[in-house]
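Numbered from 1 within each chain, the chains take letters A, B, ... in sequence-line order.
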Amino acid sequence: GENVEQHPSTLSVQEGDSAVIKCTYSDSASNYFPWYKQELGKRPQLIIDIRSNVGEKKDQRIAVTLNKTAKHFSLHITETQPEDSAVYFCAASSDYKLSFGAGTTVTVRA
Amino acid sequence: DAMVIQNPRYQVTQFGKPVTLSCSQTLNHNVMYWYQQKSSQAPKLLFHYYDKDFNNEADTPDNFQSRRPNTSFCFLDIRSPGLGDAAMYLCATSIPRATTSSYEQYFGPGTRLTVT
């Protein structure tokens, strides 16, 4: 089955700086890569996703890049704000099941 | 608004006392999932329904069962809850995108289960 590794497990950044989270996957058949943000006690929310026919996607301060050859993808958050503090999960999928990374706890320091 | 609804949001049960969690959706999605999430961990898939077809994950304990009486509703039954079953239980739904064949999953708010 698919194995997704996510790094780092914790990330502390100064407000206004950028945050980068990296994930690698094992199954070359994976073609869909969503990122979820989960605040304490709340549901995971899809913040951005990318499909294997695209190398980069951007939505305001959030961007995701995908390198299919190397089997890794990354989340970039620019101009971080306190409300970006949360746990972020990457995932990979080749069908209707998601394989999640272990999560990254992001703390934005004011 | 179309959404995924879970009831109750908080459930307290006694050790060994059966409990049922419910999920409903107004999205008309054909796939429904149940995840277990413990603190600081990723959601762990327990099982899913693709339409009426039930699919159990290999490592899901027999203590957990599910029912999907119709497209809109799905239930998680825990027959004899143990202390280790205390967790957040998340329901999710998805539908295949014809143009991309990918499945975006939409999560409900979750049910926090406490076992005393």
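A/V106 and A/F73 fall within a single hydrophobic cluster, where Ile, Leu, Val, Met, Phe, Trp and Tyr are joined by side-chain heavy atoms under 4.5 Å apart, directly or via other members.
Note on B/M88, B/H48, B/Q41: by heavy-atom pairs under 4.5 Å with chain A, the leading option is B/H48. Looking only at heavy-atom pairs under 4.5 Å with chain A, the residue among B/Y35, B/F107, B/Y33 that has the most is B/F107. The candidate from A/F100, A/Y96, A/Y36 with the greatest count of non-hydrogen atom pairs under 4.5 Å with chain B is A/Y96.
When ring centroids are compared, A/H72 and A/Y25 stay outside the 6.0 Å threshold.
If you measure heavy-atom distances from B/Q6 to chain A, you find no contacts under 4.5 Å at all. When heavy atoms are compared at a cutoff of 4.5 Å, A/P34 does not approach chain B at all. Contact of A/Q6 with chain B is not made at all, since no heavy-atom distance falls under 4.5 Å. For A/L98, the parts lying near chain B are the backbone and the side chain together; criterion is any non-hydrogen pair under 4.5 Å. The parts of B/Q105 that come within reach of chain A are both its backbone and its side chain, each placing non-hydrogen atoms under 4.5 angstrom from that chain.
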Disulfide (SG to SG under 2.5 Å) between B/C91 and B/C74, intermediate numbers included | CA-CA 9 Å; B/C91 174; B/C74 195; over 6 Å; no
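Checking B/Q37 against A/Q38 by side-chain atom types alone, a donor-acceptor pair falls below 3.5 Å.
Heavy atoms of other residues, nucleotides or ligands lying less than 6.0 angstrom from NZ of A/K57 number more than 12. Atom NZ of B/K38 is surrounded by more than 12 heavy atoms from other residues, nucleotides or ligands within 6.0 Å.
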